[in-house]
Each structure stands twice: as C-alpha cells, then as structure tokens.
Amino acid sequence: MKSYRTIFAALALVAVGNAVAQPPVYLDDTQPIEARVKDALSRMTTAEKVAIIHAQSKFSSPGVQRLGIPGIWCTDGPHGIRPDVLWDEWEQAGATNDSCVAFPALTCLAATWDPDMAALYGKSIGEEARYRNKNVLLGPGVNIYRSPLNGRNFEYMGEDPCLTSAMVVPYVRGVQQNGVAACVKHYALNNQEVDRDHVNVLVDDRTLHEIYLPGFKAAVKEGGAWSIMPGYNKYNGDHACENSTLLLDILKGDWGFDGVAISDWGAVHNTEKVARNGLDMEFGSWTNGLNWGASNAYDNYYLAKPYLKLIEEGEMSTEELDDKAARVLRLIMRTEMNRNRPYGSLNSDEHYAAARRIGANGIVLLKNDGNLLPVAPSARKILVVGENAIKMMTVGGGSSSLKVQREVLPLDGIRAMAAQKGVEVAYERGYVGDVSGEYNGVTTGQNLNDGRSAEQLIADAVAAAREADMVIFIGGLNKSDHQDAEGCDRTDFGLPYGQDAVISALVEANPRTAVVMLTGNAYAMPWLNKVPSVVQGWYIGSEAGNALADVIFGEVNPSGKLPFTFAVDLKDYAAHAAGDAEMYPGVDGDVKYKEGMAVGYRHTDRLKPARVNFAFGHGLSYTTFMLGKATLSDKTLPADGNVRVTVPVTNTGDRAGAEVVQVYVRDVKSSVERPLKELKAFKKVIVAPGRTVDVELTLDKSAFAYYNADAKRWEVEPGKFEILVGTAADAISSRLSMSVDAADLAWKD
C-alpha cells in the first residue's frame, strides 16, 4: 500500500500537467530519512534545489510542489511563538488564533540551574510551535554574557559556558520531540547590538573555544540540534553567515553537524561567499534582506537567482548546492514530513503551569536581612510601588516580542494572593518610565500616562509607605530601546527613570522595604546597604504576577541562582575595565576581546578587593543549608577519565527547599594562564528540613582541559588540580586536591 506522500506526489504531477515528462514520483516515507533524502535529491532539478534554500515569504521557504515536498515555516522564539505577520510585510496578519503563552526569558530559565526546567520549557514551547504548524523555532539563544550593556542578554543564558551548555541541551531535545527544529542562535560571538550588522569580532582561538563556542557545541553534539542560526556580526573579517571557519571547519567539520545553517534575517552579503562557505538557507526582508524591496524580492536573494546564474554559467559547481539542498530536505523530513510527530497544544493549562513553575524556580532572592520575606502573617497592609508592577513586559524587546493570550501583572498577582490571606494591598506609581506598549503591530492596550511630576510621584509614594506594614518596590528595566531590547545596547549601567531616588526615599520612610527587579541584565545598586531585601525577578512572561507572588508570600521557597555576576560598577566587568573603546563598542568596525577568558567571575575573582554585589551562582532561600565535607572517588584522574565528587547537603532550617551544589576546578600550576576557577558541574537538590542528602557529581576529563590553539585540540596537563565545592562563586565550602598523571590526554572536538 502506497503512503500518503505518494498520493501528494501524484496530485502534484497532475497539477503541473503535461509539462512534466516523467513517470509518477513515489517518495516512500517508510524508508530511513537518509535514503529518502538521497532519493528526493536525485529527482530534483538544479532550479528546484536553489528554490528550497531561500525564503519565499517573511518566515517561509518553498518546498518542491512537483514532488509533494512541503516547505518550511519558521517562527521567532525563544520565549514564545510569535504572532503571524503578512506574507511579505512585518505588519500583523490580523489572525485571532495566534496568541500564545509567554514563557520566562532565558535568563530566568538559566537562573533555575535546573536542566529539568529546561526540558519542561523546551517541551512546552515546542508543543505550542507544533500546534501552530511551525517547523523551525528560532531559538534558544546561547551567546555569552560579556557586557551588561548588551540589549539582548535577556534572551541568553548567562556568562558561563558550563551552565549554558547544561541548560541548552534539554531545551533543544524538548522542542524537537515535537517534530519542531530548534534553531540555536546567534552563532557566534554576537555579544553586542551596537553596529551588530557589521562589527568584526577579533578574539583568540583559545577564548573562542573555551568561552564562546561550548553552548553551541553542546546544542549540536549532545542536544542534536537540527538547525543553527549564524548571526549578523563578523568574525575575523567575514560575516558569520559567510564564515568558513565557523560553518565549515568547526560546525560541519569538527562537530559533524548534519542540520541546516539558517541565516539571521538579512545577514547575507555576498553570493559566492555564502554559497561556498557553509550557509544552507537564506531568510530576510525585502530584496536586500533588510530595508529595500523590489518585485520578486525573494528570487533576487543571494542564494536565489544570482546563485543559480553562477552555476548555469559554470562559475560554480553543484557540489555545495547538493549539500545545502540535502540538509534542507533532511530538515523537512524531520519536521513537516514526519508522520509520527505529535499534534501539540496551545495555551493549555499545562503550559501556563509550566511557565509559572519555571518562573518561580528562576527568581533569585539576593538579600533578605531580618527575614523580611516572605511576607509575615502580621503584615496586614502592603504598599506596592513601581511602574514595572503594572506594565506588560511580553510586548517589545525585538523579535522575541509576543502576542499573549493573557499576562498576569505583578500587582495583580500580589493582590490576588494577598486577598486569600486577608492582606490589603495599595499601589503607588513612584516613577514614570515608558508609557508606550506597542511592537510590530501588537499593542498592550494599557494607558500608563500619569501627569504627576517626578517629585510628586515620590512624595505620594513616601506618604503611603509611612502608612504600610511593608513596601514592595517593583522596578528595573523594560524592553524599550536602550534597555533590554534587540537592535540597541544600554547606554548606562544604572537604573533608568530616577528609580534610585525612589528606592532611597521609600526605605527612609519605611525600613521594611523589599526591592524586586525585573530585568535581563545587571545594574548598579547604590541603595543596596539601605534595603533589607532584594529579589531578582527577570522577565517572567504570562505568569509573571503569579510566580512573583508565589515567592513573595512564601508559597514557593526561592531557589534561583544568578547566571551572571552582579558587579558594583560597569568598570568591574573586564570588557569595560580599561575604558578601552577597542574592547567595547569597537573602533573602525573592529571590537577586540582583549580580556580573553576573563569574562564574569573569571575576571572578578582576581579583583582585590572584590567588586561584586552578588556573585555568579548566588541565591538565598527561606531555609538554610550546610554543605558537609566533600570527598573524591579518586585522588588521581582514573583511566576512564571520570572522578566523582560527593557532598552531603543538610537543610538546617524549618522548611523544605532546594540548593544548588556547584563544583569548580582550578589548575594549580599550568603552562598557560588559566582562570582561578571554572564551573565544571552542578546539581540542584531538594532537601526536607532536618534531613541530609548526599549529592554526587561527575567530572570527566574535559573538566581539567584547556584548548591548545596551536595544536587545535583539547589537552589535560599532568599536575595538581584543586576541586572547589560550594553554593556560589564566592561561597566555597570544600577544597580538595587531586592530580593528573597521564601525559597523553588530548583530543579534537
């Protein structure tokens, strides 16, 4: 019995009529994918192969109608499924069934330090993409947090390659179990939005491989990512989409990537380069990919008619084209032509529950002097202050902007839970920031205008604070330009809209003031010593208000940990330490990563005295934990390259909670400069009050290795190493010594 693909193929042949002089085509979808790819490729003309490797609309590419092969539909992520736009315009298509659940930003996901949360996230967002019949989800993002000014940091997973790698793998697998391809972005070195289309990143090979590539490598080699998105920027003189080192040598060579390299929108600049150097599909907007249009725009893309012309004129062979077309066919067969993929679901109760659970698990309790939080039963009147308590955060910020079915605002979530407990909640604005609420045709519908002066806003908030049992200030950044937003970086490390003055006035009026910040970046905290409690809340999505209320009222015991360092000042980050424009934002088109591997705690570890408000990995709980003495399974790295670290974790408080055991490795004496310590393993564990749980973590040989740029391989030098176990980069409780004796521990990627 012939499959349904046979029927589609036969119908396609009838549609094109007598012009097709060949027998009926049977694409047997019961055969292994590689056999089907080879068969389909052998039946395609050169023009058909070129046609499937570039866009036909803003977010789709054509298939091969004659063969019954469908096209590909992409959707922006990584926090939710973007609403549909018109075929050839960015304006909204006007659909009424394209609202979604907004999941927490990836900074929040990373702050859970929990791969199980990443798996839940990927599965849930993948189900929404599948229900909307999208084949490629443009996410997740794994670019490393180099500068706190980067406008897109909220879309990424922090400063550490180990944490990023561990979190991206289950996300990718979760998405792809739905028959939807994860498209990991932005490969690579896309660490700023200033001049992002052309900035040329100059970085040494060792730093590239040790800091900026591991997240992508893990997504490909462990997560099995079906697609990847090269970014806008250049690396060593060539745009990422045209960079043979990144795409051919590393991605498809060293890592054996068998998926599709999909351009960022408008990131291609040269037909011959992009054809030869490894990009597989070109997407964009208008004829030149960015801002200028003509008729038949998509046929004029670099990988369209100009590419076909080079082939027809004998300037290029079809070898590269066949590889690109085969990869696209493989992607189609993994997604749209996969008869076994599930149907997915949209806006389900399960997805809202997942968003709330992930959000609450990612909220970080930074400071809690006097146990101000959770809200005490004796607090009968709470004052909430701040624009971010009432401002929708799912709209704006760039391509991750969403049209949600619903969004629970922080104030509404707090009021709902307070009502259950008989607590009165009052609200004052405190400051006025950005009253707009629109992106790409999606509007919040909110009217946030307030005619009071800055002085009057503070005066009114202070008066109300004096009458309250406690104050909760909810502020931070937002997704407006030059805050947390695509296309532009922040211009200042401090908080906008005069929030520092508001916080200082509030805590003076009422010392029982908790500060809750919604941001995707670190920021200055000149008021830190005055405020008893500080919560880092991120952008939490549809369930923001409920997730925050869960933590604030103690329904959820906070367990989030910082995925990047909260330094005191901008100059405490290596990229900004010297005030060197060549390091940021670049000079004459070049940005030089002179700091090498000194990113985040790898830099602040060496600052004397410490210039950190809150360290990488830091996060408190409403209970207390004690880590006992850690032990090693071996004092010398064994032949199998694995050593086990065991540490007892005791909950010394009065309620259940979760702690994250973090294992760092230090090379005591090395022939090359290495950081003072590097995260190499972690595990989150739930412990009941008064109980002890033994946590076991494994370090393999890669935990001791560095990248030898001259030999282009990973190496472990014989010698002494120190294993540091703790709960944050600045909270180490055990230091263990071990050695490596073997002199032949070396391998390629």
Side-chain angles (χ1 to χ4, degrees), residues 77-79 105-115 117-119 121-122 137-147 150 152-176 181-192 201 203 205-231 233 235 240 243 245-247 250-252 254-257 259 261-262 264 520 562-565 593 597 599-602 616-617 675 678-682 702-703 705 707 714 749:
H79 308 137
L106 291 190
T107 44
C108 182
L109 174 62
T112 68
W113 285 62
D114 189 344
M117 290 296 100
Y121 196 124
L137 174 71
L138 303 176
V142 294
N143 293 98
I144 291 295
Y145 189 106
R146 176 178 182 253
S147 164
N150 182 14
R152 296 191 84 170
N153 277 336
F154 73 99
E155 295 184 52
Y156 303 142
M157 298 190 190
E159 71 186 31
D160 185 79
C162 174
L163 175 62
T164 297
S165 298
M167 298 299 288
V168 72
V169 170
Y171 181 115
V172 169
R173 291 175 178 170
V175 169
Q176 294 185 171
C183 187
V184 187
K185 61 185 187 182
H186 301 90
Y187 182 69
L189 301 162
N190 186 188
N191 304 114
Q192 64 184 67
V201 177
V203 61
D205 282 353
R206 185 176 164 213
T207 297
L208 175 70
H209 283 267
E210 292 195 29
I211 302 295
Y212 296 102
L213 291 186
F216 295 102
K217 177 182 172 183
V220 169
K221 298 191 72 172
E222 299 175 48
W226 293 340
S227 60
I228 198 166
M229 180 188 287
N233 57 286
Y235 161 60
N243 197 294
T245 300
L246 291 177
L247 297 176
I250 298 173
L251 179 65
K252 296 181 177 180
D254 295 341
W255 300 347
F257 177 65
I262 299 174
D264 206 340
L562 288 179
F564 50 79
T565 302
Y593 288 20
M597 292 181 294
V599 176
Y601 68 89
R602 289 168 168 81
F616 172 78
E678 298 179 277
L679 181 73
K680 294 300 180 181
F682 64 89
S702 66
Y707 186 78
W714 294 90
D749 259 331

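Remark: side-chain polar atoms of Lys185 are paired, donor with acceptor, to backbone N or O of Leu138 under 3.5 angstrom.
Considering only residues two or more places apart in sequence or on other chains, Arg206 meets the salt bridge (Lys or Arg N to Asp or Glu O under 4.0 Å) condition with Glu210. Residues meeting the ring-ring contact (aromatic ring centres under 6.0 Å, His included) test with Phe682, sequence neighbours left out: Trp113. With sequence neighbours excluded, the residues forming a ring-ring contact (aromatic ring centres under 6.0 Å, His included) with Phe216 are Tyr187, listed by chain and number. The side chain to side chain donor-acceptor pair (under 3.5 Å) check on Thr245 picks up nothing, with sequence neighbours excluded. Residues passing the side chain to side chain donor-acceptor pair (under 3.5 Å) test with Tyr145, sequence neighbours excluded: Asn521. Residues passing the salt bridge (Lys or Arg N to Asp or Glu O under 4.0 Å) test with Arg152, sequence neighbours excluded: Glu155, Glu486. Residues satisfying the salt bridge (Lys or Arg N to Asp or Glu O under 4.0 Å) test with Lys217, not counting sequence neighbours, are Asp749. Residues passing the side chain to side chain contact (heavy atoms under 4.5 Å, CB included) test with Ala182, sequence neighbours excluded: Pro140, Val172, Val175, Gln176. Under the side chain to side chain contact (heavy atoms under 4.5 Å, CB included) criterion, Ala681 pairs with Val663, Leu697, Leu699, sequence neighbours left out. For Asn191, the side chain to side chain donor-acceptor pair (under 3.5 Å) partners two or more places apart in sequence, or in a different chain, are Tyr593.
Residues Asn153 and Asn150 come closest through the heavy atom pair OD1-ND2, 3.1 Å. Leu247 approaches Ala261 most closely through the heavy-atom pair CD2-CB, 4.3 Å. The two residues Ala188 and Asn233 make their nearest non-hydrogen contact at O-ND2, 3.0 Å. Pairing each heavy atom of Pro161 with each of Ile144, the nearest pair is N-CD1, 4.0 Å.
At a threshold of 4.5 Å between non-hydrogen side-chain atoms, the residues Tyr601 and Leu679 count as touching. Side chains of Asp264 and His186 form a contact here, defined as non-hydrogen atoms less than 4.5 Å apart. When side chains are defined from C-beta on, Ile262 does not count as touching Ile228, because their heavy atoms never get closer than 4.5 Å. Annotation: side chain of Tyr235 is in contact with side chain of Val203 (closest heavy-atom distance under 4.5 Å).
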Tell me, with the steps shown, if Leu562 and Phe616 meet side-chain contact (heavy atoms from CB on, under 4.5 Å).
CA-CA 5 Å; Leu562 288 179; Phe616 172 78; 5.8 Å; no
Output, in order, the C-alpha distance, side-chain angles, deciding distance and verdict of side-chain contact (heavy atoms from CB on, under 4.5 Å) for Phe154 and Leu106.
CA-CA 6 Å; Phe154 73 99; Leu106 291 190; over 6 Å; no
Given the rule in the side-chain contact (heavy atoms from CB on, under 4.5 Å) test, do Tyr707 and Thr207 qualify, once you have shown the distances and angles that lead to the verdict?
CA-CA 8 Å; Tyr707 186 78; Thr207 297; over 6 Å; no
Go through it in stages, so that I can follow the logic: the residues are Tyr156 and Asn190, the test is side-chain contact (heavy atoms from CB on, under 4.5 Å), and I'd like the CA-CA distance, side-chain angles, deciding distance and then a yes or no.
CA-CA 11 Å; Tyr156 303 142; Asn190 186 188; 4.0 Å; yes
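Each salt bridge (charged side-chain N to carboxylate O under 4.0 Å, His left out) pair with one or both residues in residues 158-172, not counting sequence neighbours, appears once here: Asp160-Arg602. Note on residues 219-228: no pairs pass side-chain hydrogen bond (donor to acceptor under 3.5 Å, both in side chains), not counting sequence neighbours.
Note that SG of Cys162 is 9.5 Å distant from CD of Glu678, once rounded to the nearest 0.5 Å. To the nearest 0.5 Å, atom OG1 of residue Thr112 and atom CG of residue Leu109 are 5.0 Å apart. The distance from the CZ atom of Phe564 to the OG1 atom of Thr107 is 6.0 Å, given to the nearest 0.5 Å. Here Leu189 contributes atom CG and Leu213 contributes atom CG; the two are 7.0 Å apart, rounded to the nearest 0.5 Å. Here the SG atom belonging to Cys183 is positioned 4.5 Å from the CE atom belonging to Met229, to the nearest 0.5 angstrom.
For the pairing with Met167, the side-chain contact (heavy atoms from CB on, under 4.5 Å) check across Val169, Leu163, Thr164 returns one residue only, Leu163.
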